[in-house]
Asker: 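Sharing a structure with you now.
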Protein chains: 2
Amino acid sequence: MTLPNISEAEMHVMDVLWREHPLAAADIAQRLDAQDWSQRTVKTLLSRLVEKGAVGTKPQGRRFLYSPAVERGTVTGRATRHLADRLFGGRAAPLVAHLAEGKGLSDDDIAELEALIAELKS
Amino acid sequence: MTLPNISEAEMHVMDVLWREHPLAAADIAQRLDAQDWSQRTVKTLLSRLVEKGAVGTKPQGRRFLYSPAVERGTVTGRATRHLADRLFGGRAAPLVAHLAEGKGLSDDDIAELEALIAELKS
DNA sequence: TCTCATTGATTACATATGTAGTCGTTAAGA
DNA sequence: TCTTAACGACTACATATGTAATCAATGAGA
């Protein structure tokens with residue numbers, strides 16, 4: 001109902017599924033090589049995501065194929081708005097300012113932002 | 001050095017202290033009226049923040065006066081970069097796009113962003 | 001057909017977090 | 001001086017999260 005909360009570890013699993021699905025648990029674990037988690041851990045995260053309604057399953061033989069049940073944009077949008085509200089009263093500028101300061105935005109980033117602003121003004 | 005992690009509830013306490021300090025626990029609780037927490041809860045949060053090194057104390061009589069030990073910008077900057085990295089590979093534009101879509105940015109917000117972009121370009 | 005590796009289900013356990021309660025001490029008022 | 005209210009310290013307990021291990025069933029290979 002209320003968009004499920006997806007933890008940081010769980011988000012890595014979602015990222016795999018958003019890129020490619022449906023996938024079996026083993027395939028997901030394999031694609032999460034960088035995380036250096038055991039298969040067990042990945043399965044636990046998958047179970048929790050299914051429980052939360054963020055991931056759906058289809059039986060295939062004796063195992064499941066997993067797919068996202070929520071869209072990436074929905075999740076990232078909510079997280080972004082939540083952070084902006086919590087830290088800056090919903091204002092975007094200070095948020096961007098932090099990004100700019102920390103590691104510097106690339107020229108591409110700036111150009112993209114500019115285009116976005118132009119669009120917002122119309 | 002390891003910037004302490006500050007939870008959402010703790011952040012409300014920090015916000016009070018960033019606005020005004022030093023303050024005694026009772027004053028902080030009073031200023032957190034909106035949260036509808038018991039004094040106990042506020043004290044627990046304060047203890048945890050002191051433990052984490054995010055808040056400092058000065059004894060005053062038999063009680064403490066609390067003050068922030070980390071700057072707001074440091075904390076918000078870290079949280080912002082963390083979110084941007086986690087969700088968008090550090091890119092600012094999709095983040096702003098979400099804010100724009102969700103509730104619409106005010107004209108002021110947009111103007112502010114524009115000014116910021118102009119500055120970044122120079 | 002028999003064995004075993006793999007799968008989902010269940011259980012485990014430490015730390016973080018939200019939200020308090022209890023206790024011993026002490027300053028301040030009666 | 002005696003009492004009490006308030007303070008910090010310590011304790012409590014449920015849920016979320018990170019990170020697995022165990023268990024029972026079963027399909028695939030010997």
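Convention: sequence-line order gives letters A, B, ...; per-chain numbering from 1.
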Asker: Base, sugar-phosphate, or nothing: which does Gln39(A) touch, judged by heavy atoms less than 4.0 Å apart?
Answerer: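 Gln39(A): no heavy atom of the nucleic acid under 4.0 Å.
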Asker: Would you mind classifying the nucleic acid contact of Ala26(A) as base, sugar-phosphate or nothing, using non-hydrogen atoms under 4.0 angstrom?
Answerer: sugar-phosphate
Asker: Just call it for Ala24(B): base, sugar-phosphate, or nothing, with non-hydrogen atoms closer than 4.0 Å on any strand.
Answerer: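 Answer is nothing: Ala24(B) stays at 4.0 Å or more from every strand.
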Asker: Angle class for the Phe88(B)/His98(B) ring planes (parallel below 30°, perpendicular above 60°, tilted otherwise)?
Answerer: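 Geometry flag for His98(B) against Phe88(B): tilted rings.
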Asker: Taking the side chain as every heavy atom from C-beta outward, state whether Val13(A) and Gln35(A) have any atom pair closer than 4.5 Å.
Answerer: no
Asker: Side-chain donor or acceptor of Arg40(B) under 3.5 Å from a matching atom on the base of dG18(C)?
Answerer: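 No pair found.
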Asker: For the pair made of CG in Asn5(A) and C1' in dG18(D), what is the distance, rounded to whole Å?
Answerer: 16 Å
Asker: Over all heavy atoms of both residues, which pair between Ile6(B) and Ala54(B) is shortest? Give the atoms and the distance, please.
Answerer: CD1-CB, 4.0 Å
Asker: Do Glu10(A) and Asn5(A) have side-chain heavy atoms sitting under 4.5 Å apart?
Answerer: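 They are not in contact (no side-chain heavy atoms under 4.5 Å apart), so the answer is no.
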Asker: Can you see if the side chain of Lys43(B) gets near the phosphate of dT11(D) - specifically, an N or O under 4.0 Å from OP1 or OP2?
Answerer: no
Asker: By nearest atom, which of the nucleotides dG18(C), dA20(C), dG8(D) is closest to the Phe64(B) side chain?
Answerer: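 Looking only at side-chain atoms, Phe64(B) lies closest to dG8(D).
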Asker: Separation of Lys58(A) atom NZ from dG8(C) atom P, in whole Å?
Answerer: 15 Å
Asker: Give a yes/no on whether any side-chain N or O of Ser47(B) is located under 4.0 angstrom from OP1 or OP2 of dA9(D).
Answerer: no
Asker: With a 3.5 Å cut-off and heavy atoms only, can you find an N or O donor on one side and an acceptor on the other between the side chain of Arg48(A) and the base of dT19(D)?
Answerer: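 Under the 3.5 Å cut-off, the side chain and the base do form a donor-acceptor pair.
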Asker: For dC7(D), does either OP1 or OP2 sit under 4.0 Å from a side-chain N or O belonging to Tyr66(B)?
Answerer: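 For dC7(D), OP1/OP2 do not have a side-chain N/O of Tyr66(B) under 4.0 Å.
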Asker: Between atom CE in Met14(A) and atom P in dT17(D), what is the gap in whole Å?
Answerer: 14 Å
Asker: Side chain of Arg62(B), heavy atoms from C-beta onward: which of dT25(C), dG8(C), dA12(C) has the nearest atom to it?
Answerer: dT25(C)
Asker: Over all strands shown, is Thr41(A) touching base, sugar-phosphate only, or nothing at heavy-atom distances under 4.0 angstrom?
Answerer: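 Base contact.
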Asker: Is there a side-chain polar atom (N or O) of Thr44(A) under 4.0 Å from OP1 or OP2 of dG18(D)?
Answerer: no
